[in-house]
Novice: 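Pasting a structure below so you can have a look.
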Amino acid sequence: MPGADRPNVLWIAMEDTSPRLGCYGDELARTPEIDGLAAEGRRYDNAFSTAPVCAPSRSAVMTGCHQNAIGTHHMRTTHTNEDAPKLPTPYEAVPPHYVTAVPELFRRAGYYCTLDSKADYQFGTPATMWDHHGTGADWRDDARDPDQPFFAMVTNGVTHESGQWDPTEPGTDDQFGGAVADPDTDPAAVEVPPYLPDTETTRLAIARQYDNVARSDAWVGEVLARLEEDGLAEDTIVVLWSDHGEGLPRSKRWPYDGGIHVPLVVRWPGEIDPGGVDERLVSTMDLGPTMLDACGLDVPGYMGGRPFLGPGADEREYVFAARDRYDESYDMVRAVRDHRFKYVRHYRPGTPYRQWIPYRNRHPVMREILERARQGDLEGAERWFDANRPDEELYDLREDPHEVENLADDSEYADTLDRLRGALDDWRDRVGDAGDQAETEMVRERYGGDEQPETAAPRFVVNSPAHDERTAGTDGLALERPATLSLYCATQGASVAYAFADDPVENDGSEPQWELYTGPIELPEGETAVRAKAVRYGFAESDEQVGIFTVSE
């Protein structure tokens, strides 16, 4: 177990949220809790997600790797590909065998790790990732030793895209409890980006988002109050972030800043001066490496993320983002951004920006865009929706923050275009961009066929004076002290979970408190029953094994 001087970590994860916050200078925002957090910590003005949609983005956060480097880049793993009827849908993505989720790395170091409650990171919900995953899971769990440091992640879906829908319209029921018919925010006061029609429908959707951000801000205050009540605020690094930008059309699902620019606020008492602002480029896949480094833990070399604070802080020249299949429609878009310029590359040039994505089409603004397009009423920058894509787009974000004036053909920017092309090519080569491979081929290659592979069942290996490295079965094994138990799994990259059980053979089916196996387990005197199972990310979980051991003097 780590020493008591290691800080706790609390991740507060919002959904579909751009920096419409008071601490970012938005005068319409009503976010006193988040503003207070920023006043006590540091605001990052240039934080960007790796994808403009949740599951691929979260997979990058959870692994410290770009989603298109590990095969988690499609949204989601539910597909409608008729050329692959034998492939399961949804399938679980299979990252490389060495990829281990950030919370599991914290568990290995002795942290108590919880998630309340949304997972959605593409490779299933491995039992080895969290001590407790479920509604209400946090540092207050009875299973956590009071002196044990914790890594806790809490999520809230109030700001999800569906919260911008009109709840009074049939077929637009909000899944996350965010939508309101008549927002408190004045629709006339909101700013409408030039690529969306400036209509009552658009203004209402944006006003609803302001209201939902305000509601989420109140939830943030409740989380922080619990931390304060428990006397843990001074010993905890608090990080507030969003999985990607807000759910407006051409924001969510597109690698423009509307889809990838996210809020990022960090409070670390004693280490970060209050009220700071950091202008460095940050990718959300840097969150894991940053927390590992800040807590004195090793950052695996395979991670593409890099620490942005603490003793190993690094400086980025670029951040990268990717768009692939989203729901029913395949696509491939890659983007790179520095402090001033954004370069976007389309791998299907000449095709329309418009794609068939039924879920997105439920958004009231998208419905209005579809109708205006049918009537030929789209104007100015709104016409992106009906346009065919070029090979490349280049934007000067200082002069054109909404990214509507494509400079790719402007000779004045030729050097910038070449530089960003090269940066994107180098990055794609470095990560081995999995988007180059058809999804069906990728899944079959990683599955080794058409069906999800299963993790090998773990084996019990005991060590005692009378038995040296002998495999035990469920029929029991008598041992002499001192005796230790090792757990072995033949599947490369698998992690093993175990639990002690009073009656493992006739158990009631309830899940025990699964511990992450990190080394030999000392067996106490008397009879001990051990349950064990293994999982490699993306593989089916192994069958559970039970061993009963009797240790005598």
Side-chain angles (χ1 to χ4, degrees), residues 18-19 45-52 66 68 191-198 244-246 248-262 279-283 315-324 331-355 369 372-373 376-431 433 435-436:
S18 297
D45 281 356
N46 290 299
F48 299 89
S49 63
T50 62
H66 280 285
N68 54 314
E191 178 185 353
V192 177
Y195 48 78
L196 296 179
D198 188 350
H244 54 79
E246 63 194 9
L248 291 170
R250 200 182 179 268
S251 292
K252 185 173 181 177
R253 300 180 182 87
W254 288 99
Y256 304 110
D257 276 11
I260 63 172
H261 188 202
V262 297
E279 298 290 341
R280 79 181 69 196
L281 291 169
V282 175
S283 171
E315 187 82 31
R316 279 187 171 277
E317 186 176 4
Y318 303 109
V319 291
F320 302 89
R323 165 185 165 98
D324 291 276
D331 203 356
M332 183 172 171
V333 182
R334 300 292 182 260
V336 56
R337 188 195 197 281
D338 62 15
H339 277 93
R340 180 172 177 180
F341 293 97
K342 164 82 66 65
Y343 171 71
V344 179
R345 181 183 296 167
H346 295 276
Y347 284 80
R348 301 187 68 209
T351 61
Y353 287 93
R354 175 201 294 231
Q355 282 193 311
I369 290 173
R372 287 166 65 88
D377 289 340
L378 294 175
E379 300 176 351
E382 303 169 23
R383 292 176 181 162
W384 70 271
F385 181 72
D386 263 351
N388 288 334
R389 310 183 210 191
D391 288 297
E392 302 171 304
E393 299 174 37
L394 178 68
Y395 298 104
D396 183 341
L397 299 163
R398 185 181 302 165
E399 302 298 327
D400 178 24
H402 292 296
E403 297 162 277
V404 297
E405 184 181 353
N406 184 8
L407 303 173
D409 293 330
D410 189 328
S411 59
E412 182 180 344
Y413 296 91
D415 290 344
T416 299
L417 184 65
D418 285 343
R419 174 174 60 84
L420 293 176
R421 277 176 180 161
L424 189 71
D425 289 338
D426 290 346
W427 168 70
R428 283 189 5 96
D429 288 343
R430 188 168 65 250
V431 302
D433 196 335
D436 289 344

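Model, not experiment: these values are computed from the prediction.
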Novice: Hey, does Tyr347 have a side-chain heavy atom less than 4.5 Å from the side chain of Val333?
Specialist: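 Side-chain contact under 4.5 Å: no.
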
Novice: Will you find, in the side chains of Tyr343 and Arg345, an N or O donor that is under 3.5 Å from an N or O acceptor?
Specialist: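 Their side chains do contain a donor-acceptor pair, which is all the 3.5 Å distance test asks for.
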
Novice: Is any side-chain heavy atom of Tyr353 closer than 4.5 Å to one of His346?
Specialist: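 Yes, their side chains come closer than 4.5 Å.
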
Novice: Salt bridge or not for Asp331 and Arg348, using N-O below 4.0 Å?
Specialist: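 Between Arg348 and Asp331 there is no salt bridge, as every charged N stays at least 4.0 Å from the carboxylate O atoms.
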
Novice: Please say whether more than 12 non-hydrogen atoms of neighbouring residues, nucleotides or ligands are located less than 6.0 Å from CG in Asp415.
Specialist: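 Atom CG in Asp415 is not packed in, count stays at 12 or less.
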
Novice: Step through the shown structure and confirm whether more than 12 heavy atoms of other residues, nucleotides or ligands are within 6.0 Å of CG on Asp436.
Specialist: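 Enclosed.
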
Novice: With sequence neighbours left out, what residues match Asp396 under side chain to side chain contact (heavy atoms under 4.5 Å, CB included)?
Specialist: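 Per chain and number, Asp396 pairs via side chain to side chain contact (heavy atoms under 4.5 Å, CB included) with Arg340, Phe341, Arg398, Glu399, Leu407, Tyr413.
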
Novice: Tell me every residue that passes salt bridge (charged side-chain N to carboxylate O under 4.0 Å, His left out) with Asp433, counting only those two or more places apart in sequence or in another chain.
Specialist: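 Expected list: Arg334, Arg428.
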
Novice: Quick test of your reading of the model: are Arg421 and Glu392 salt-bridged, counting only N-O distances below 4.0 Å?
Specialist: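 Yes, charged N to carboxylate O under 4.0 Å.
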
Novice: Less than 4.0 Å between a side-chain N and a carboxylate O, is that true for Arg372 and Glu382?
Specialist: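 The answer is yes: the pair qualifies as a salt bridge.
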
Novice: Going by side chain to side chain contact (heavy atoms under 4.5 Å, CB included), name the residues that satisfy it together with His339, two or more places apart in sequence or in a different chain.
Specialist: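 Side chain to side chain contact (heavy atoms under 4.5 Å, CB included) check on His339 returns Asn46, Leu281.
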
Novice: Describe, in one word, how the ring planes of Tyr195 and His402 are oriented to each other, choosing from parallel (under 30°), tilted (30 to 60°) and perpendicular (over 60°).
Specialist: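 It falls in the perpendicular class, over 60°.
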
Novice: Would you say Tyr318 and Arg337 make side-chain contact, with heavy atoms under 4.5 Å?
Specialist: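 SC-SC contact between Tyr318 and Arg337 ruled out.
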
